[in-house]
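All chains are named by letter (A, B, ...) in the order of the sequence lines, taking the proteins before the strands, and each is independently numbered beginning at 1. Quick caveat, the model's predicted, so the values are computed rather than measured.
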2 protein chains.
Amino acid sequence: METKAATTLFESLSSGWRLEAFRLLVRQGPEGMVAGDIAAALDLPPSGLSFHLKALSHAGLVTVEQEGRFQRYRANLSLMRDLIAYLTEECCAGHPERCLDLATAPPLAVCPPPEKTRA
Amino acid sequence: METKAATTLFESLSSGWRLEAFRLLVRQGPEGMVAGDIAAALDLPPSGLSFHLKALSHAGLVTVEQEGRFQRYRANLSLMRDLIAYLTEECCAGHPERCLDLATAPPLAVCPPPEKTRA
DNA sequence: AAAAGATTTCAACAAGGCTTGAAATGATCC
DNA sequence: GGATCATTTCAAGCCTTGTTGAAATCTTTT
């Protein structure tokens, strides 16, 4: 991922409405959610929601699919994974030992704790 | 990390100058860099750099330490780790199987493959 | 084809961010 | 103390973003 793409993603997530909408879609999983329901859940006027969803979809963080007269939105988890990868790389560039600190930290401790690299 | 804090961090990283400055500081490691050198490296007028560094330090992504008549800036990697943790959690909320995809992806594959997901 | 529903687009305005250069601050050196 | 250097602050102007409500678009229903 290039720097430009990263800033676009960060910009997308820098709005409270957009971050909330994305989190909501992540929680909904593959089922996604139609625009009206998102607007209701967020208590945001439809035109306002549309504005923010457009930004998210332009950045690629959400996908849209027409479903009858509804628009179904889904979170694009693979792009989010790419973003996490980018951040992880930026965090330890030239300093591998920092990566290890990262790997042993709680949030990423989905794998058993290494025996040696205790910080 | 709360949503509000996350949006502040995303906003900090949504500017090309700020993301570049942060990446530069990450690459510099614990040594950090003084303001003048950052400005020179980024080819950005001093007052402009100061504006962006202020945003980064306000968000907590960088720290400042006075050193003689210089200001030495350093990247705050632990906050970045927290941000990565936040994103990772948001990505798999209610969908643990997505977390595993995440954990086995290249950037996070610093630890041996899990046999059973520990909480 | 008309009506009703879901969503987007548009225009207008308010508000905040970015850039630039000059002035101010704070620290060192002589 | 005065000069010099590094950096920040300030103000002005510009540009972009966010909000709102009304109108437009597109789809289904009857």
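Between B:Tyr73 and D:dA6 there is no side-chain N or O to OP1 or OP2 distance below 4.0 Å.
Rounded to whole Å, atom P of C:dA6 lies 19 Å from atom CD of A:Glu65. Protein atom CD of A:Gln71 is 11 Å distant from nucleotide atom P of D:dT28, rounded to whole Å. Put simply, CG on B:Asp43 is 13 Å from P on C:dT19, counting in whole angstrom units. Distance, B:Leu53 CG to D:dT8 C1': 11 Å, rounded to whole Å. Rounded to an integer number of Å, the gap from B:Arg72 CZ to D:dT8 P is 13 Å. Distance B:His58 NE2 to C:dG17 P: 11 Å, rounded to the nearest Å. A straight line from CZ of B:Phe10 to P of C:dG17 spans 18 Å, rounded to a whole angstrom. Put simply, CD on A:Glu67 is 14 Å from C1' on D:dT28, counting in whole angstrom units.
Checking side-chain atoms of B:Ser57 against main-chain N and O of B:Gly60 turns up no donor-acceptor pair under 3.5 Å. Side chain of B:Arg72 to main chain of B:Glu65: no donor-acceptor pair is present (N/O by atom type, distance under 3.5 Å, no hydrogens or angles). The backbone N or O of B:Thr63 sits nowhere less than 3.5 Å from a side-chain atom of B:Asn76 that would complete a donor-acceptor pair.
Of the charged side-chain nitrogens involved, at least one lies within less than 4.0 Å of a carboxylate oxygen, so that A:Glu90 and B:Arg23 count as a salt-bridged pair.
Between the OG atom of B:Ser14 and the CG atom of A:Leu9 there is a distance of 11.5 Å, given to the nearest 0.5 Å.
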Applying side chain to side chain contact (heavy atoms under 4.5 Å, CB included) to A:Leu25 and A:Val62, what does each step give before you reach the verdict? CA-CA 8 Å; A:Leu25 288 175; A:Val62 304; 3.7 Å; yes
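Mapped onto DNA chain C by nearest heavy atom, A:Leu49 and A:Arg69 fall at different nucleotides, with A:Arg69 at the one closer to the 5' end.
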Nucleotide by nucleotide, nucleotides 14-25 of chain D touches protein heavy atoms under 4.0 Å in the pattern (B base, S sugar-phosphate only, - none) ----BBBBB---
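Closest to the side chain of B:Ala35, from the set C:dG5, C:dT8, D:dT8, is D:dT8.
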